[in-house]
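Taking it in order: structure first as structure tokens, then the write-up.
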Amino acid sequence: MIYLGFISFVLLLAVIGPLIVPYGYNERIYGPDGEILFSAAPTLAHPLGTTDSGYDVLSRIVYGARPTVVTGMVSGFMIFSIGMTIGVVSGYVGGRVGNILMRFTDLTYSIPLIPFALVVVAIFGSGFYVSIVIIGAVLWRGLARVIRSQVLQIKERPFILAAKTSGASTPYIIFKHVLPNVAPMGILFLALGTGYAIVIQAGLAFLGVTDPFVPSWGIMVRNAYESGMMSSALWWSLPPGFLISITVLSLFMLGRRLESQITQNEESMIAEAG
Amino acid sequence: MSDDPLLEVENLTVQYKTKEGMLTAVSDASFAVSEGEYFGVVGESGCGKSTLLLSILNALDSNGQVTNGVIRYKGEEIQDLSEQELNQRIRWKEIAYIPQGSMNSLDPLERISTQAVQLAGLHSDLNEEEALTKFEEMFEIVGIDPERIHDYPHQFSGGMKQRAIIALALFLEPSLIIADEPTTALDVIMQDQIFKHIDDIVDRVGTSIMLITHDIAVVFESCDRMAVMHGGQIAEVGPVTRIDNEPHHPYSTLLQEAFPDIREPNRDLSVIEGKPPRQIGETDYCTFVDRCPWATEECREAPPPLERAEADRSDHFVSCFRKDDVREENEQGTDDRKAPNQKSGSLANDE
Amino acid sequence: MTSDMPLLQVKNLEKYYDQQAGIVDWILRKDSDPVQAVDGVSFRLDENESLGVIGESGCGKTTLIETLIGLHEPTSGEILFKGTDVSTFDKGDWKQFRREVQMIFQDPFNALDPKLSVRETLEEQLKIHDIDERDRRIRDVLEQVELSPVDNYLDRLPKQLSGGQKQRVSIARALIVEPELILADEPVSMLDVSTQAAILQLLSDLIDDFGVSMVYISHDLSTVSYVCHQLQVMYLGRVVESGATEVVLNEPKHPYTRALLSAIPIPDSEAERERTELPGTPGDPINIGNGCRFRDRCPDRMELCDKTPESYALSTDHHVACHLHSEHDDQGDLNAVSSSGDVANGQSISAGEGGDEL
Amino acid sequence: MSKVRFFLKRITQTVFLLWLVLTFLFFLFRLMPGDISDILLYQGADPDTVAEFEESWGLNDPLYVQYFQYIYNFILLEPGYSVQTNEPVWDFVKMNIFNTFILAAPAITLAYILGAVIGTVTGTKRGGKLEKFVPVPLLTIGAIPEFFLAILMIIVFAGFLGWFPTSSMIDPAVANQYSDDPWWRIYFTQSFAMHFVLPFTTVVLRYLFLPSLIMRTSVVEVLGQDFIFYKRVTGLPKSARLKSIAKHSSLPVITLYPISMARAIGGLVLIETVFNWPGMGYALVQAVLARDFATVQFVFFVIAAFVIVANFVIDIFYSVIDPRVSLDD
């Protein structure tokens, strides 16, 4: 329940955050003496202090919720839609098409994700959305595999045969009988995949191959790391990292909860989703 | 066949800890199996026969326990023996087991001969060579080419695996073999072959067999004595000829009538509505009451005691308050059972 | 029972499967042998009649039924439904066929979609076939399969039903579109004996009271007599014996039928039944070449058995594909039932006992 | 299916996949917007270097010639010159490959051994408190982005406690001291050992949750198998049964081991970057930032090849330990 609450909180921040923050994410903060406050320790006015560029850390963190949520939603949507489509089609339709789709899925398993993202970014240039799309375009593989094996089992169950022999069309069977029965697994992967996508996107941001002007939490950790003040300016280096961790953990725990309801093999899917 | 009981079960109650409370799977069960006897236990799914078997093997799940009664093997109480004592003295040397799920009972990563040699090492003085020779003989008995003892389980068909499992059960010449639905997944011809091997064992080696099954025909054909179970209670125990010809418990009667007989392809089959109840807490009534056409209020008030079916017979016991009425009706061939108490029977029990 | 046009006629039906060949096979140019799951099956089924197809697992009976209902394309042969070859069906014909031919499955625990309630399961059929008065029909059919009071069951999910009740819903799903032919795949084999009788009775009522025809698949000869008028015994894809149920049960002629019958336990503590002597198990129907498929296990094997036996008519209502009975075909004496029986008994003592006792 | 056919099939697949990755890379870099030479010139590269680059890559030949030349070069481990150092790529990255190995191999191995132990203990205590709570810290570590985990380690153990150096693999002074010795000498210095501890611990922690969770699931599954029950009833003592459970349930974990190892080689990018560990991931990031395409191409290919070959190794290994595999396939 705490986890669901935390995810709702991040979602809320993403929607209304920019409206409630006192400072812009790239607004320099001036001290009473008119000097820019570089790397100031927390005060009442700036509860999390400022960065080495004189930005208010708390405001930047609130802004950072939005890129995180966008990352989660876009890659989550891609993972869910591509994974479900390929899993269901290769499992249910089978035959040559199914085989090719499955080989394709196997192929994506040979892709080391972060190096791949680095290569693509090297060629096509860096960007916030590019990084998300790359992640979404690879991470569906786990879902496709699990859904396919589920569909292969469901397909053989007599209630599908019963629908077939009563003359139900293939799309009807897929939407009415197959999808509802594999949907819980899809939702589980949506939760886990979203978590992984956020972690990986943050990693790419940290490596400096995404748009440095999107104030995501990953970029904040990078800035702190680059400044060499990680150990001294804890108010700046720690909160964004912890926020990413807690968001992802919440998604994992939510997935775990979901999973124990749909299968006995808890946690195995968490491994599978990567 | 000697009259000394090899295995005695007395007032056995077995319960499982569940979220809803203590689930009683076997309630106050008593029976005995003599040396060299072929004993059958019959009942439909959910009747408690598997739990009964597990408690005799001392292999209940961790949430299950014998809460009352004793299990005596050759006069010694075994229900509280430690795992170590069981392994050293009882398991396989004395009591062997033929599982229901034989398809997956052999370790898929080990050759069958390896598994046999390991057993011989644990429970006998045979060295590896002697063990292999003996195991080859066992394969011969169950009709598999002895050279195949070195195969892996997946190289065997379903029927062959089942026979290999029987060979393993026979291997160390136990006094009692407990067989749990040994033929459920098999076709009828394979089933008959398997039972032929088991018959052979009884005849040749004199091992006692306790056969657990839903198939009353198999028990009538093969066994000497039998128990009928319903809802964790023993409904009736006695020689098969007695239970076949003079059943005293309504459930025995109905079960028998429900069974098709190839010799009378058009006989009407009886239907027993509902299913055995899931019993939380102590069983303080007759579990068959909701399905029983003869049931009266009395049957709900207390569990019927397992008593002599007829005063002058010491080998036939039945637990039914109305056993005399049932018997009388069966004899007269009149059929004035009232309609089964369907509502409470079928609706209350299916979840 | 005979009318001019049978409801369903199957002529020399064959269904072979190719085994999967991989890239290495392709490189090594290795052809794989097809699995001959159904090989030359013929029968006719008239209206209001029921046919039992009997055999052990792997004999091809499930492939047969799935081919009949159009889930597989036959390798060769014809399936005529009401006189029309199903291979000439257009889309509309198929739709009509899908309504008139319904199937009941073996495993009640998987035959219903776990996400749909009883009402939704039944409604689906009516929607697919555009049938009105849905509520009334659903109630009627549930009464018919004895799930009453209907209101107690309408909104239940499959997990809230017992095995027998699921099978009743399964039957209701088939019945609700008022089919003419039901294909039933071992509908009682997974039920407890206490409910088995009720389902058998229900199926038999469908034939007697509602004029439905039925193809009933089973491995268990002891229950077929409750449902079937005619029997076909299959072994490794081929029909070895066929005839009226009573005739086949009382005078089995093929050694395999006899073995099947003799292996059935008899629920009688005093009956003395010999255990079947049949060794081994059926192999796979791959690359089995010519000859009688039963010959490797047959107690009466002769040299002749390397030739594929024809189906010989012992009477108008009893056919057997076995060389033991072939002399009479040579003589053209088609009706010599009793003498052919004698010949068979004379030649097959061990396997004959089971049959004789009946 | 015979073992030989199984083997042949897997080899065919592996070679095919490797070829596919190579081809993919070739066309990906040809697809790149703009001409590589232009970019290099734009970046201020020396025109001679560019000419040399074009020559070594045969950029002036027709596409199919380029393609075959490219494949040929890769097979000979001569994937061109790095624009960062003007050295052949292979000479430039071979030490990085070794540095990644020396970090990944012991760390992943330890993570798997620890994971198997944790998984077995929690799996056999199903339903207990241990089983319920142990996964939570594991998942928590799994949820922390690995670069942040590395930063936390630095903050705590290098910053506050000051026990270990913050970054790089060795003190430059120490490295200089041994510059005339054989290349492996520096790996046996105290300086290396001190630099090794934090990255090593981070990798172990980061890769611990996967084997633990899989082992736990696997143990639970095996415990429910009929043959384990059968072994119990046959009177097999507990120790022998545990051995058998471990054997069966470690199968999926063992199969994951090579793949994790291979993935770690690519996945260590972040940890190597934080610690400035001169491994492959570090090299890749530097090459990407420097637009050193020959190096990017080669390093990526090596990383992908590790994954593909690891998959092959698993299949072969599985077919050896599990008698069912090659026959059922």
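In what follows, chains are A, B, ... by sequence order, proteins preceding strands, each numbered from 1.
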Rounded to the nearest 0.5 Å, what's the gap from CZ on Arg216(D) to CD on Glu221(D)? Could you check? 11.5 Å
Which region of Leu249(A), side chain (C-beta onward) or backbone (N, CA, C, O), has a non-hydrogen atom less than 4.5 Å from a non-hydrogen atom of chain D, or is it both or neither? both
Where on Leu138(D) is there a heavy atom nearer than 4.5 Å to chain A: the side chain, the backbone, both, or neither? neither
Report, in residue-number order, which members of residues 198-205 of chain A are under 4.5 Å from chain D by heavy-atom distance. Val199(A), Ala202(A), Gly203(A)
Heavy atoms of Leu152(A) and Gly91(A) approach each other most closely as CD2-O, 3.4 Å
Side-chain touch Gln286(D)/Thr295(D), heavy atoms, less than 4.5 angstrom: no
Tell me whether the rings of Phe116(A) and Phe300(D) are parallel (<30°), tilted (30 to 60°) or perpendicular (>60°). tilted
Checking heavy atoms, do the side chain of Phe24(D), its backbone, both or neither come under 4.5 Å from chain A? side chain
If you tally heavy-atom pairs under 4.5 Å against chain A, which of Asn311(D), Thr273(D), Leu25(D), Val274(D) wins? Val274(D)
What's the separation between atom CG in Leu223(D) and atom NE2 in His248(D), rounded to the nearest 0.5 Å? 11.5 Å
Aromatic rings Phe209(D) and Phe252(A): how do their planes relate, parallel, tilted or perpendicular, breaks at 30° and 60°? parallel
Output the option from Ile151(D), Val296(D), Val307(D) having the highest count of non-hydrogen pairs under 4.5 Å with chain A. Ile151(D)
Which answer fits Leu20(D), side chain, backbone, both or neither, if we ask what part of it has an atom under 4.5 Å from a heavy atom of chain A? side chain
Find the distance between CG (Leu268(D)) and CZ (Arg206(D)) and round it off to the nearest 0.5 Å. 9.5 Å
Using 30° and 60° as the class limits, which term best fits the ring planes of Phe147(D) and Phe206(A): parallel, tilted or perpendicular? parallel
Part of Ile308(D) within contact of chain A (heavy atom distance under 4.5 Å): side chain
Kindly give the heavy-atom pair with the smallest separation between Arg141(A) and Thr105(A), and that separation in Å. O-CG2, 3.8 Å
